[in-house]
Protein chains: 2
Amino acid sequence: MTEKNLLPELTAHLYASSAAESGRTPSERELAEHFGVSRGQIRETLAVLEAMRIVERRAKSGIFLTARSASVDAMALFAQAGLPLDPVRIYEAVELRKIHEIKAAELASQRATEENFVRLEEILAASERRIAAGEPLAEEDRDFHLEIVRATRNTVFYNVCGVYYAVGLRRLPIYFGDPSRCAQSHAEHLGIYDALRRRDGNLAQALMNAHLQGAESYWKGLLDARVEPAAE
Amino acid sequence: MTEKNLLPELTAHLYASSAAESGRTPSERELAEHFGVSRGQIRETLAVLEAMRIVERRAKSGIFLTARSASVDAMALFAQAGLPLDPVRIYEAVELRKIHEIKAAELASQRATEENFVRLEEILAASERRIAAGEPLAEEDRDFHLEIVRATRNTVFYNVCGVYYAVGLRRLPIYFGDPSRCAQSHAEHLGIYDALRRRDGNLAQALMNAHLQGAESYWKGLLDARVEPAAE
DNA sequence: TCAGACAATCTGGTAGAACCAGATGGCGGA
DNA sequence: TCCGCCATCTGGTTCTACCAGATTGTCTGA
């Protein structure tokens, strides 16, 4: 039971127990006692948090939360830790996602190999089974989109996109809670797949744009609705 | 002298002293002795390396290098550590940069504020001084491009772009070693600035595309020339 | 000769104590 | 009220000590 991953828990605890004004967190010794682990464990975890610029350690002074980081790594960690993500950050990530994936659709239409198409077909088949069973889509959606990015044959691109999908995955059940949305999303995926198959880059781009537009407005609406005064 | 940042040095050392086949690195105790620090220091640094997926620690077995990571964080660290970057990765990063910044130019043309324009003017003035003095451009180039991304008002976007500039900065002296290239680059920057000022998104995009095209072919030529058989 | 069992050794994981020196904050004196 | 001193706290760093599984090498028996 000691092999649990401290990172998310510590992150959550730091935000829960930091001083409102200064952002100063409990000391390493206090944290160690709180989690029932050694100070070394805490320091190791804090080193990672510091590398992600989520926290700043000032020698002989204390540990301070930095201005909320907007790195995708940090956002993914926040999501994992169950921390509320800044709605603005989420919307920004969605905008970035559109930038990435519309271009990815174009590149994939030129570079996708048979292997990519086979993978896409498998994912689409899995989606179909889900829908037929009346179950909501889950990682099938992410897999479909990431496979297209992979088809660009740009591993840096793929890695960057892969990270922020960790942010969204936890929220997919909300989005796909509506069965009709699942069906429409799947239908759009089929259209994109067809366009890629026909190597029609312009069509693939246009369809991806429309597809993401739907998701974007959904999130925008959701975020506008729950304007948290506490946020920011 | 003990406050040096172990991260780059350790990273370099791990790659230098790892077993060719298994990727297994020296043990924590050996590393501690080699660097003259405590095992705790080594473990703290390894935790960061593991979070970046550069290294994998297997309990009671050893530390192993993972397949070379393509995350921009890892690439930045490699550059800092003086490790040879996989030419393919660099080219991929350049491609991603084009995707980002062409779109950034369009968004910036719509969203840039007076503050952004003032910053851009300052950067351009600094560039001019450099060129007049016969000095090569340096961070001015990065600052110009990053300010445009910042003008999109998307902090996630800005953060993502900011990271991979850490990769390129070390190589700028090579690119700008040629004075004529500095002058041309500066002229193109002026054109982009004008287009943004006039809120002409299409022109800004086109000019940014042309501007980055030059850099891209430069790097492509350079990389094609030094095909390292050892790489990949 | 070789395969299998056993034991010494190595390794990461974790805890805990100890010391340093600068930052901090409260108390007392001017 | 304000200034300066000092006890206390804090991160930075090192060392020692165990644990238990992985690894490696040796020895034994067939």
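A note on names: the letters A, B, ... follow the listed sequences, proteins ahead of strands, and every chain is numbered from 1.
- Protein atom CZ of B:R43 is 6 Å distant from nucleotide atom C1' of C:dG12, rounded to whole Å.
- For the ring pair (Phe, Tyr, Trp, His ring centres under 6.0 Å) test, no residue two or more places apart in sequence or in another chain qualifies with A:Y158.
- A cation-pi geometry, defined here as NZ or CZ lying under 6.0 Å from the six-membered ring centre and within 45° of its normal, holds between B:R58 and B:F64.
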Next on the checklist: Using the rule given for salt bridge (charged side-chain N to carboxylate O under 4.0 Å, His left out), can you reason through A:R89 versus A:E92, listing the C-alpha separation, both sets of side-chain angles and the distance that settles it, and then say yes or no?
Outcome noted: CA-CA 5 Å; A:R89 294 294 97 74; A:E92 290 176 348; 3.0 Å; yes

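- At whole-Å resolution of the value, CG in A:L14 and P in D:dG11 are 11 Å apart.
- Checked against side chain to side chain contact (heavy atoms under 4.5 Å, CB included), B:S71 has the following partners two or more places apart in sequence or in another chain: A:N159, B:S69, B:D73, B:A74.
- With hydrogens and angles left out, the side-chain atoms of B:R153 and B:T113 include a donor and acceptor closer than 3.5 Å.
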Indicate every side-chain donor-acceptor pair of residues 117-126 of chain B with a distance under 3.5 Å to a residue at least two apart or in another chain.
unit_1 : atom_1 : unit_2 : atom_2 : d
B:E121 : OE2    : B:Y193 : OH     : 2.4
B:E121 : OE2    : B:R197 : NH2    : 2.9

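- Spacing between atom CZ of A:F35 and atom P of C:dA15 amounts to 13 Å, rounded to whole angstrom units.
- A:I42 places its CD1 atom 16 Å from the P atom of C:dG13, with the value rounded to the nearest Å.
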N/O-N/O pairs, protein side and nucleotides 6-8 of chain D side, under 3.5 Å:
none

Can you tabulate the close N/O pairs, meaning under 3.5 Å, that link protein atoms to atoms of nucleotides 16-21 of chain C?
unit_1 : atom_1 : unit_2 : atom_2 : d
C:dA18 : N6     : A:R39  : NH1    : 3.4

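- By the salt bridge (charged side-chain N to carboxylate O under 4.0 Å, His left out) test, B:E30 is found to be paired with no residue, residues two or more places apart in sequence or in another chain being considered.
- Within 6.0 Å of atom CD in B:E33, 12 or fewer heavy atoms from other residues, nucleotides or ligands are found, so the atom counts as exposed in its surroundings.
- Going from atom CD of A:E44 over to atom C1' of D:dT13 covers 15 Å, rounded to whole Å.
- A straight line from CD of B:E28 to C1' of C:dT14 spans 11 Å, rounded to a whole angstrom.
- The residue among A:F64 and A:G36 whose nearest nucleotide of DNA chain C is located toward the 5' end is A:G36.
- Side chain of B:A59, nearest nucleotide from D:dT10, C:dA15, C:dG13: C:dG13.
- For A:R39, the CZ atom sits in a packed shell: over 12 heavy atoms of surrounding residues, nucleotides or ligands are nearer than 6.0 Å.
- Ranking D:dG11, C:dA15, D:dT10 by closeness to the A:R24 side chain, first place goes to D:dT10.
- At whole-Å resolution of the value, CZ in B:R58 and C1' in C:dC10 are 16 Å apart.
- Among the nucleotides D:dG11, D:dT23, C:dG13, the one closest to any side-chain atom of B:S61 is D:dT23.
- C:dT11 atom C1' lies 12 Å from atom CZ of B:R57, rounded to whole Å.
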